[in-house]
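A quick write-up on the structure given underneath.
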Amino acid sequence: MNPGEKTFQEYLTNQGTVVKPYCWQRQNHTCGRCPYHIQTGEEARVPYAEFHRVFGFPYRSTATIQNKHLLFYELRSFSGRVVQKGHATNCTDQDNHPDSMLFEVGGYLDAVTDAYENTGCIILYLNYSPCNEAIHCCVSKICNFLLKYQEVTLSIYFSQLYHTEDGFLTAIWNREALWSLSSLWPWVTLQRLPGGGMAYLLCNSGYSIPGSTLHHSTCDE
Ligand SMILES: [Zn+2]
Ligand SMILES: [Zn+2]
């Protein structure tokens with residue numbers, strides 16, 4: 001291991017298989033998720049009720065949680081096989097966005113992509129589009145990651161735009177960052193999550209799904 005290289009532990013807890021970077025080995029009282037913001041595998045599924053509140057699927061909920069960021073990811077091989085999947089949540093204590101956590105230099109995806117050379121594609125499903133606000137720099141971190149791993153393509157599906165309306169001081173940065181990401185097509189694809197994609201995501205990343213919400217055939221596809 002190189003000096004200064006971060007280590008990540010993946011291990012089973014009562015909260016599922018979690019990833020614990022060395023720098024977060026403390027619990028804090030203001031963020032209920034710390035230090036378990038990244039979870040992997042089947043244990044990373046979230047209950048339907050939470051999925052619905054955050055993604056507003058299958059119908060927009062009036063109780064959508066404003067400050068909750070939820071991101072699901074899939075790592076696929078060059079042949080398209082899902083190698084790993086999981087989710088990441090924002091940290092309310094350190095004010096970190098999940099995409100910033102995953103893509104930062106020395107972060108989890110950096111470590112995983114470095115270790116597994118057959119990662120051909122990363123797919124992200126987010127409730128909010130990536131931002132490029134000064135304290136987060138999510139889009140810049142994503143771009144730097146892609147420059148480092150140029151063989152990896154990235155597909156981003158989001159449920160709603162984040163801070164791009166005129167009322168936000170940061171709207172211009174966020175809009176420009178999304179344009180620059182889109183301009184990397186076909187290396188990067190950026191689009192709203194379509195209904196079919198929502199159903200796929202729910203089948204693959206949710207649980208306790210009411211029977212009437214989805215036909216079984218959707219989950220078999
Ligand atoms: Zn936290
Ligand atoms: Zn962000």
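Ligands are counted one by one from 1 in listed order, and the atoms in each one are counted from 1 as well. Residue numbers run from 1 in the order of the sequence given. All values derive from a computational prediction rather than experimental measurement.
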* Would you find a donor on one side and an acceptor on the other, under 3.5 Å apart, between the side chain of Gln150 and the backbone of Leu147? -> yes
* To do: Let me know which of Leu181, Ile122, Ile142 forms a side chain to side chain contact (heavy atoms under 4.5 Å, CB included) with Val188.
  =>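 The side chain to side chain contact (heavy atoms under 4.5 Å, CB included) with Val188 is passed solely by Leu181 among Leu181, Ile122, Ile142.
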* Side-chain donor-acceptor pair present, Asp93, Thr30, cut-off under 3.5 Å ->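 Yes, a side-chain donor-acceptor pair sits under 3.5 Å.
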* Strictly by modelled atom types, are Tyr149 and Asp110 linked by a side-chain donor-acceptor pair under 3.5 Å? ->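 Looking only at side-chain atoms, Asp110 and Tyr149 do form a donor-acceptor pair, the distance falling under 3.5 Å.
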* Asked: Can we call the ring centroids of Tyr128 and Tyr162 under 6.0 Å apart?
  ->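 Judged by ring-centre distance (under 6.0 Å), Tyr128 and Tyr162 do meet the cut-off.
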* Step through the shown structure and confirm whether more than 12 heavy atoms of other residues, nucleotides or ligands are within 6.0 Å of CD on Glu117. => no
* Asked: Do you know which N/O/S atom name in His37 is closest to the Zn ion (ligand 1)?
  -> NE2
* Asked: If you stand at the Zn ion (ligand 1) and look out to SG of Cys91 and SG of Cys34, what angle do those two lines make, to 10°?
  -> 100°
* Parallel under 30°, tilted from 30 to 60°, perpendicular over 60°: which one fits the rings of Tyr200 and Tyr125? -> tilted
* Which protein atoms of type N, O or S are found under 2.8 Å from the Zn ion (ligand 2)? ->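 Listed by chain and number, the atoms are His97 ND1, Cys131 SG, Cys138 SG.
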